[in-house]
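Everything on this sheet refers to the single structure shown next.
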Amino acid sequence: MKYKAQRGTQDVLPSTAYRWQNLERTFSELVHQYGYQEIRTPIFEDTDLFIRSSGETSDIVSKQMYSFLDKGERSITLKPEGTAPAMRAVIENSLCPPGTVQRLYYITPIFRYERPQKGRYRQAHQVGLELIGSASSTADAEVIEITVRFYEALGIKNVQVLLNTLGRSECRAKYRDAILEYAQPYLKDQPEEVRAKAEKNPLRLLDSKDPEVQEALKGCPPVTDYLEDESKRRFDELQALLTEAKVAYVISPDIVRGLDYYTETVFEVQSTSIGAQSALCGGGRYDDLIQELGGASTPSVGVAMGIERALMVQEAEGIEIDEPKPDVFVVSAGPSTARATRELVTTLRNNGYATLLDIDARSMKSQLKQADKSGARYAAILGDDELANGTVTLRDMGSSEQRSVPLSEIVSVLKK
RNA sequence: GCGGAUGUAGCUCAGGGGUUAGAGCGCCUGACUGUGGCUCAGGAGGUCGUGGGUUCAAGACCCAUCUUCCGCCCCA
């Protein structure tokens, strides 16, 4: 009987795991520089949390949610994203009392019930951060800046920051009506299903890739025409801050984001190095979310970045990450030196050297071969001759140079 | 959720009804009695994705199902 993983999940093998480790380390080191602290939340959440947190588009979102009934007939959802659960935790644990600011980050699996394909899995992983409790555009700029620095630190080149604003909920409502009206000539000939979807969230018409829809909405006034002065002012402020921080961006009116909790700033980072699944991350401001989930009104901004997507781009752009290699491979002559070999291995490990040895009593030739394959920097050969005069032969696997070293001095020689 | 492909050795792939299913790379052993990469020789390794069906005979043909990939959709 063969046991396979759940459809739409991937095993992370040793040949790629070090890339994940590199990414997670890069991320946590970066966000620590900005004072963010890690938060861990469960992968199961109440379905209601996501229905409420996703607002008007809940039917679209719930179609993608990985939901099921547990043994107590409760509707459980595997978390499809990190923000709502993090906000639930913030509310339940009073992590951000009114008047304070909280910086949190997470690294977590997410689950969405969609048709898997390259770059899209039912279980994927995200790193994300949330800056909670501030309405200032400086907060937005900080989050976007960290995002860009993250991709820089990973060595990723062909990225573009797409920036837009949705305004506050009041002016957004006006804008929705405007789009709907503008699209009427096209919509009235469409099937009921299309019209219902459009009425549910007219903004989504804007990022449609359907040429017919694009044609119908050509010349539609941009959201900036409907922004209140306050929203306009903070959007200008944000742009000035990004320019000051030397963060390149492109204003993209068609970035509206699928989750309806966003207000004011929204942004995505896209790559031109991969295929259809080109979005690397998504983020924005969600000033009303915490209140909608039952907390005090707390303006916040955040971003979530897909780990698989970032690794895909790294690979597509040919970015090499150094694979961890052992320092020394200890070669033994056979049973007569086995005990001394184990002692040498222990000494090396205790002194901080990653050390390998042969465990199948294979020939010396085979052991050197294993040493070569392992990528070890040195082979330390301990045979009968060496044992007799208390030395070890240290072979540099790169240059093939060998020298005889007294057993007691091996560590100090390696240090050089 | 829709459309089109795909699945044979660890990897990349050939075989398109007829004995015991192949190649290259990789792996193991030896030539080389204590020394990796090169060469040569030998060897191990396969429920031909899974389940049904057609046939004297199925890896091959038919049906179903699953996987992966490419679009759509959606987004991470």
Side-chain angles (χ1 to χ4, degrees), chain A residues 1-11 13 15 23 54 57 60-65 79-83 107-128 147 162 193-194 197 201 204 207-211 213 255-259 266 268-271 274-283 303-313 329 331-334 336-337 358 360 362-388 392-402:
Chain A
M1 182 77 177
K2 274 187 188 171
Y3 293 94
K4 304 192 83 168
Q6 149 77 35
R7 175 187 164 90
T9 67
Q10 271 203 145
D11 295 320
L13 304 176
S15 55
L23 183 147
S54 53
T57 52
I60 298 169
V61 172
S62 62
K63 229 158 90 177
Q64 295 170 11
M65 291 198 308
K79 64 180 172 190
E81 51 111 23
T83 300
I107 301 178
T108 185
I110 59 159
F111 305 85
R112 295 182 195 177
Y113 203 86
E114 292 178 283
R115 178 85 164 258
Q117 60 174 268
K118 189 171 190 145
R120 187 170 83 185
Y121 308 101
R122 287 193 168 165
Q123 174 176 352
H125 300 78
Q126 288 185 339
V127 296
T147 304
L162 305 177
E193 194 188 340
V194 175
K197 193 178 161 188
N201 190 350
R204 299 225 54 100
D207 66 356
S208 171
K209 283 167 192 155
D210 185 342
V213 178
I255 295 294
V256 299
R257 311 287 313 147
L259 296 164
V266 288
E268 276 182 23
V269 174
Q270 296 195 354
S271 168
I274 48 178
Q277 313 299 328
S278 61
L280 292 183
C281 75
V303 62
M305 300 166 255
I307 294 182
E308 284 85 351
R309 295 274 168 92
L311 293 175
M312 261 172 81
V313 175
F329 192 107
V331 175
S332 166
S336 55
T337 59
D358 168 66
D360 286 323
R362 297 203 213 217
S363 69
M364 190 165 286
K365 181 191 174 80
S366 167
Q367 292 184 55
L368 262 302
K369 222 170 180 171
Q370 291 176 59
D372 186 34
K373 259 194 310 175
S374 74
R377 178 103 190 271
Y378 296 102
I381 302 166
L382 186 56
D384 293 318
D385 297 348
E386 286 86 352
L387 193 60
V392 61
T393 301
L394 193 63
R395 180 182 180 86
D396 185 312
M397 294 303 284
S399 65
S400 297
E401 279 166 24
Q402 290 193 176

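Quick note on labels: first sequence line is chain A, next is B, and so on, each numbered from 1. Basis for what follows: all heavy atoms, side chains included, without hydrogens, waters or symmetry-related copies.
- Between A:Tyr378 and A:Leu394 the shortest heavy-atom distance is CB-CD1, 4.0 Å.
- Within 90° of 0 lies the glycosidic angle of B:G16, which makes this nucleotide syn.
- As a whole-Å value, the separation of A:Gln64 CD from B:C2 P is 16 Å.
- Straight-line distance between the C1' atoms of B:U19 and B:A44: roughly 24 Å, to the nearest whole Å.
- Both A:Pro116 and A:His125 lie close to RNA chain B; mapped to their nearest nucleotides by heavy-atom distance, the more 5′-ward contact belongs to A:Pro116.
- No side-chain N or O of A:Thr393 forms a donor-acceptor pair with one of A:Gln402 less than 3.5 Å apart.
- Searching all strands for a Watson-Crick or G-U wobble partner of B:A57 with both distances below 3.5 Å returns nothing.
- Pairing partner, B:A21: none, since no Watson-Crick or wobble contact has both distances short of 3.5 Å.
- Judged by distance alone, the side chains of A:Gln367 and A:Arg362 never bring a donor and an acceptor atom under 3.5 Å apart.
- Nearer the 5' end of RNA chain B, as judged by each residue's closest nucleotide, is the contact made by A:Lys118, out of A:Gly306 and A:Lys118.
- As rounded to whole Å, 10 Å separates atom P of B:A76 from atom CD1 of A:Ile255.
- Spacing between atom CZ of A:Arg122 and atom P of B:C74 amounts to 18 Å, rounded to whole angstrom units.
- Exactly one residue among A:His125, A:Gln123, A:Arg120, A:Gln126 makes a side-chain hydrogen bond (donor to acceptor under 3.5 Å, both in side chains) with A:Glu308. That residue is A:His125.
- The two atoms that bring A:Ala333 and A:Gly383 nearest to each other are CB-CA, 3.5 Å, heavy atoms only.
- B:C13 and B:C70 are spaced 14 Å apart, taking the P atom of each and rounding to whole Å.
- In this structure, the CD atom of A:Gln117 is 13 Å from the C1' atom of B:G1, given to the nearest Å.
- Rounded to the nearest Å, the gap between the P atom of B:A23 and that of B:U33 is 30 Å.
- A cation-pi arrangement is not found for A:Arg122 relative to A:Phe111, the charged atom failing to lie both closer than 6.0 Å to the ring centre and inside a 45° cone about the ring normal.
- Across B:C2 and B:G59, the matching P atoms stand 32 Å from one another, rounded to whole Å.
- Side chain of A:Arg112 to main chain of A:Gln64: no donor-acceptor pair is present (N/O by atom type, distance under 3.5 Å, no hydrogens or angles).
- Of all nucleotides present, only B:G49 satisfies the Watson-Crick or G-U wobble test against B:U65, with each distance under 3.5 Å.
- Looking at A:Arg309, its side chain does come within 3.5 Å of a backbone N or O of A:Ala279 through a donor-acceptor pair.
- At the heavy-atom level, A:Gln126 lies under 4.0 Å from the strands shown only through sugar-phosphate atoms.
- Among the atoms of the strands shown, base atoms are found under 4.0 Å from some heavy atom of A:Ala124.
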How does each nucleotide of nucleotides 28-38 of chain B score, in 5' to 3' order, for protein heavy atoms under 4.0 Å: base (B), sugar-phosphate only (S), or none (-)?
SS--B-BBBB-
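- Using Watson-Crick or G-U wobble geometry with both donor-acceptor distances under 3.5 Å, B:G1 finds its partner in B:C72.
- Between the P atom of B:G4 and the CZ atom of A:Arg115 lies a distance of 11 Å, rounded to the nearest Å.
- Atom name C1', nucleotides B:A58 and B:C48: the rounded distance is 11 Å, in whole Å.
- If you take atom P in B:G15 and the same atom in B:G53, they sit 29 Å apart, rounded to whole Å.
- If you measure from atom CD of A:Glu308 to atom P of B:C69, you get 12 Å, rounded to the nearest angstrom.
- At the heavy-atom level, A:Gly119 lies under 4.0 Å from base atoms of the strands shown.
- A:Ile307 comes within contact range of no nucleotide atom at all, as no heavy-atom separation falls under 4.0 Å.
- For the pair A:Glu114 CD and B:C73 P, the interatomic distance rounds to 13 Å; values are reported in whole Å.
- Comparing B:U55 with B:C62, their C1' atoms sit 12 Å apart, to the nearest whole Å.
- A distance of 6.5 Å separates OG1 of A:Thr337 from CG of A:Leu387, quoted to the nearest 0.5 Å.
- For the C1' atoms, the distance from B:A9 to B:G49 is 15 Å, rounded to whole Å.
- Side-chain atoms of A:Arg120 and base atoms of B:C74 include a donor and an acceptor less than 3.5 Å apart.
- Across every strand in view, B:C28 sits in a pair with B:G42 that passes the Watson-Crick or G-U test at under 3.5 angstrom.
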